[in-house]
Amino acid sequence: MNIPEREINPVTQMFEEAIGLSPGRGRLSGRHVLVIGAGQRDSDDEEVTVGNGRAISILAAREGAKVACADINQASVEDTARRVREAGGQASAHVVDVSKPEQVIQLIHDAKAALGELDGLVLNVGISHGLPLDKITPESWDLEHAVNLRSHMLACQTALPLMTEGGAVVLTSSLASQRPTGRNPAYETSKAAQLSLCKSVAMAGHAKGIRCNAVAPGLMDTPMGRAASARRPNRAVTVPFGRQGTGWEVAYSMLFLLSHESSYVNGHALFVDGGLGNGIF
Ligand SMILES: NC(=O)c1ccc[n+]([C@@H]2O[C@H](COP(=O)([O-])OP(=O)(O)OC[C@H]3O[C@@H](n4cnc5c(N)ncnc54)[C@H](O)[C@@H]3O)[C@@H](O)[C@H]2O)c1
């Protein structure tokens, strides 16, 4: 299934960063970051298959940020916050169902109160029913779009007036925004629309110097990635560097976009796919 080897290997681009073992370098020193989708679905090996949201929560704290972690899965988001604290960081845990608009709005206010300030927002929640066109129902389509897209709009709409000038927003889109190969139209269209929303939020945030960018992961060995591979075993038969990506590799891309290192990068989609979308594999 092309599971990443957990050993350093330059030929497969496997470095300490890719397995979450690199020390912090103060890249988010003094920042206040809310991660929505900071838990991860249950998995057979949680220590190995870190999700994108857990990875960015731990990494942001390691790099000096205070973190608010939110998810629908209470046990999982509390686990993420515990891991942040064990690593010496500060974290609060918040339970939210982002398919409910009033809960998204309340969460933004709660997170700002917990953090003191809000200058970083990571919108990582995403679901996929994996239904081909002939199996989609109005209900399945609406739920996927409510979670993957509407909740992001509501979070940004609520957060922008509350955020500190010079802050940054990061959305989690997908390589699926560009390709129908997953035969998963509700997911693919929601991820494509996120890239447009990203530009709209960047435009709305411009007056306050708030940037908005998106990461678009390819085939990742996260719990969601493993569930997709279980549905379609040939999903990752051929992948760049002979392996799927890790949640840490997504998190490092988010870290760059959250940090002041990317101060002139705005309305951009950063594909974290090993080059797969460009035909490199
Ligand atoms: N894994 C991949 O191959 C891949 C590829 C491209 C993009 N992505 C994107 O990365 C993001 C994270 O994915 P992951 O692979 O870490 O998966 P994951 O399923 O482990 O994480 C998603 C998190 O969202 C939470 N969530 C689901 N519905 C929610 C709701 N209504 N309210 C609040 N929280 C809710 C889940 O509890 C879970 O903790 C998603 O947006 C996904 O679309 C993943």
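The shown structure was predicted, so the numbers you read here are calculated from the model rather than taken from an experiment. Values below: every heavy atom of this structure, side chains too, minus hydrogens, waters and symmetry copies. In listed order, ligands and their atoms are each counted from 1.
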With heavy atoms of [X] as the reference, note each atom of ligand 1 found under 4.0 Å away.
X    : value
I127 : 27 (C), 28 (N)
G51  : 16 (O)
Y187 : 6 (C), 7 (C), 8 (N), 9 (C), 42 (C), 43 (O)
T172 : 9 (C), 10 (O), 11 (C), 41 (O)
N124 : 10 (O), 11 (C), 12 (C), 40 (C), 41 (O)

- Query: Does a side-chain heavy-atom distance below 4.5 Å link E188 with R179?
  - Reply: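 No; the side chains remain at least 4.5 Å from each other.
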message: Quick one, W248 and I58 - any side-chain contact, counting heavy atoms below 4.5 Å?
response: yes
Can you pull out the closest protein heavy atom to [atom]? Residue, atom name and distance to 0.1 Å, please.
atom                    : answer
atom 3 (O) of ligand 1  : R235 NH2, 2.9 Å
atom 22 (C) of ligand 1 : G126 O, 4.0 Å
atom 5 (C) of ligand 1  : G218 O, 3.1 Å

Whether K191 lies under 4.0 Å from ligand 1, heavy atom: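 For ligand 1, residue contact (heavy atoms, under 4.0 Å) with K191 is present.
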When you measure from atom 7 (C) of ligand 1 to each heavy atom in P223, A38, S173, A55, which option holds the nearest one?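 Comparing heavy atoms across P223, A38, S173, A55, the nearest one to atom 7 (C) of ligand 1 lies in S173.
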